[in-house]
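Residue indices begin at 1 and follow the sequence shown.
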Amino acid sequence: MTAEQGRSRFSTRGLVGFGLSAVLLIVALVREDPGELIDHLRAAPMLVVVGGLALLLVRDLGADAARWWSLLRAAGHRVPYGSLARLVAATVPAKALLPFKAGDGVRVVVLHEQYGVPLTVGAATRFGNALLLLGALVGAGLLAGAGAGVGLLAGAAVGVALGGVALRWLGRPFVGFAVACAVFSVVLEVVVYAWVLAGFGVALTSEVLAGAVAVITAATVSGVLRGVGVREATLVGLAAATDRPTDIALAVGLTLSALEIATVLVSGAIGGALGGFSPERARDASPAPPAPDPAASTLDGPAAAPAPGPVAPPSGTAPR
């Protein structure tokens, strides 16, 4: 596939993603009163917005980057964490705009070009990255569905600790750290959802937390423009199925989507300000070649053996 064909395919996927998001948003918006919806959005506390944005940045640039770094280390590739975090930050916009996980392909190609990681290894670690996140979401959903409620975070923390100890004992410390980062990412996102829901006056019951995990899973698996449209439609559907106000659910979904879009913009700005994935930084991070042994070779070839000749006697002895 040529570069022109690749750009055309990415453009097509981007248009499909925008189209799906627009259709789902229209479906969610068409039944609500715009005036009431605007009033709900204006009533959202600023602390909820700022705190949610900060936690989502920690999720993307901290936990997600650390999870990928751990999997690369487990695969035998020592990419500096700071360099990988810059790469992740600079490619967050591409990952958000390209649906169906096509943005991961951009990250794999950049990682290969700048740090020499084989494409197969990069793709496998990104796939493992997604599997770990999906597993953490399933575990969180089971805990919330079982009525864990507020104990969801404590249960997740205990599970991560036990899993990390077991993997460390089995000789897989980096895989254990990757599992911990996956659960931490889910915990951060559940906290953001709970924070926004509480800001709109929604009681945080175990049923609500289980629904939040279901919405996070749907938005993550869809791979459509950071879940915009999918998030709102899922929240409205859950609210209608449980006889809850759909206008509040839609306002929560729009606030969360706005936070995700703000995270994309801020992450891209941070990645650009820090140099992104510049070749100069990649060359500086690459290991230096081993220094030649001066005793093993010279400019004229291998070191020559000393010429034969008389051997001087040891000091302090007289010749006979």
Side-chain angles (χ1 to χ4, degrees), residues 1 6 9-10 12-14 16-17 20 59-81 83-142 156 159-160 163-164 166-167 170-189 213 216-227 230 260 263-264 267 271 277:
M1 183 175 62
R9 179 172 296 183
F10 283 147
T12 302
R13 289 183 175 183
V16 170
L20 287 175
R59 178 201 64 185
D60 281 0
L61 307 185
D64 289 359
R67 187 167 72 246
W68 193 18
W69 174 84
S70 303
L71 293 177
L72 287 170
R73 286 297 302 269
H77 294 274
R78 295 174 173 265
V79 179
Y81 172 74
S83 302
L84 192 65
R86 283 194 297 268
L87 188 156
V88 168
T91 53
V92 163
K95 193 174 188 308
L97 294 174
L98 297 175
F100 314 127
K101 307 301 181 183
D104 280 332
V106 175
R107 287 179 170 173
V108 169
V109 170
V110 172
L111 187 71
H112 170 69
E113 291 180 349
Q114 302 298 337
Y115 299 100
V117 177
L119 294 174
T120 52
V121 174
T125 52
R126 290 308 302 170
F127 182 69
N129 206 42
L131 283 182
L132 286 178
L133 183 61
L134 184 59
L137 284 169
V138 171
L142 291 175
V160 170
L167 288 167
L170 293 173
R172 298 284 183 177
F174 291 111
V175 176
F177 187 63
V179 173
C181 290
V183 176
F184 186 51
S185 294
V186 173
V187 169
L188 283 174
E189 196 154 359
V213 175
I216 295 170
T217 305
T220 301
V221 173
S222 69
V224 176
L225 194 60
R226 284 289 214 180
V230 176
E260 289 285 358
T263 304
V264 171
S267 298
F277 37 83

Any heavy-atom pair between the side chains of [Y] and [X] that's under 4.5 Å?
X      : Y      : value
Leu87  : Trp68  : yes
Ile216 : Val186 : no
Val121 : His77  : yes

Nearest non-hydrogen partners of [X] and [Y], listed with the distance:
X     : Y      : answer
Val92 : Val264 : CG1-CA, 3.8 Å
Leu71 : Ala178 : CD2-CB, 3.9 Å
Ala66 : Phe177 : CB-CE2, 4.0 Å
Ala63 : Phe184 : CB-CD2, 3.7 Å

- Message: For Ala182, give me all partners under side chain to side chain contact (heavy atoms under 4.5 Å, CB included), at least two apart in sequence or on another chain.
- Response: Arg67, Leu132, Ala136
- Any residue meeting side chain to side chain contact (heavy atoms under 4.5 Å, CB included) with Val138, in chain and number order, not counting sequence neighbours: Leu142
- Note on the structure: In Asn129, Thr220, Asp64, the residue satisfying side-chain hydrogen bond (donor to acceptor under 3.5 Å, both in side chains) with Ser185 is Asp64
- Message: Is a donor from one side chain sitting under 3.5 angstrom from an acceptor on the other, for Ser70 and Arg73?
- Response: no
- So how far is it from Glu260 CD to Glu189 CD, rounded to the nearest 0.5 Å? 5.5 Å
- Task: Under the side-chain contact (heavy atoms from CB on, under 4.5 Å) rule, what do Val221 and Leu134 come out as? Steps first, then yes or no, please.
- Result: CA-CA 8 Å; Val221 173; Leu134 184 59; 4.1 Å; yes
- Residues which pass side-chain hydrogen bond (donor to acceptor under 3.5 Å, both in side chains) with Arg126, listed by chain and number, not counting sequence neighbours: Asp104
- Under the side-chain hydrogen bond (donor to acceptor under 3.5 Å, both in side chains) rule, collect the residues that match up with Trp69, sequence neighbours excluded. none
Return a table of donor-acceptor pairs under 3.5 angstrom between the side chains of residues 105-113 and protein atoms on other chains or two or more places apart.
residue: Arg107; atom: NE; partner: Thr91; partner atom: OG1; Å: 2.8
residue: Arg107; atom: NH2; partner: Val88; partner atom: O; Å: 3.3
residue: His112; atom: ND1; partner: Val117; partner atom: O; Å: 3.0

- Pairwise salt bridge (charged side-chain N to carboxylate O under 4.0 Å, His left out) hits with a residue in residues 127-137, at least two apart: none
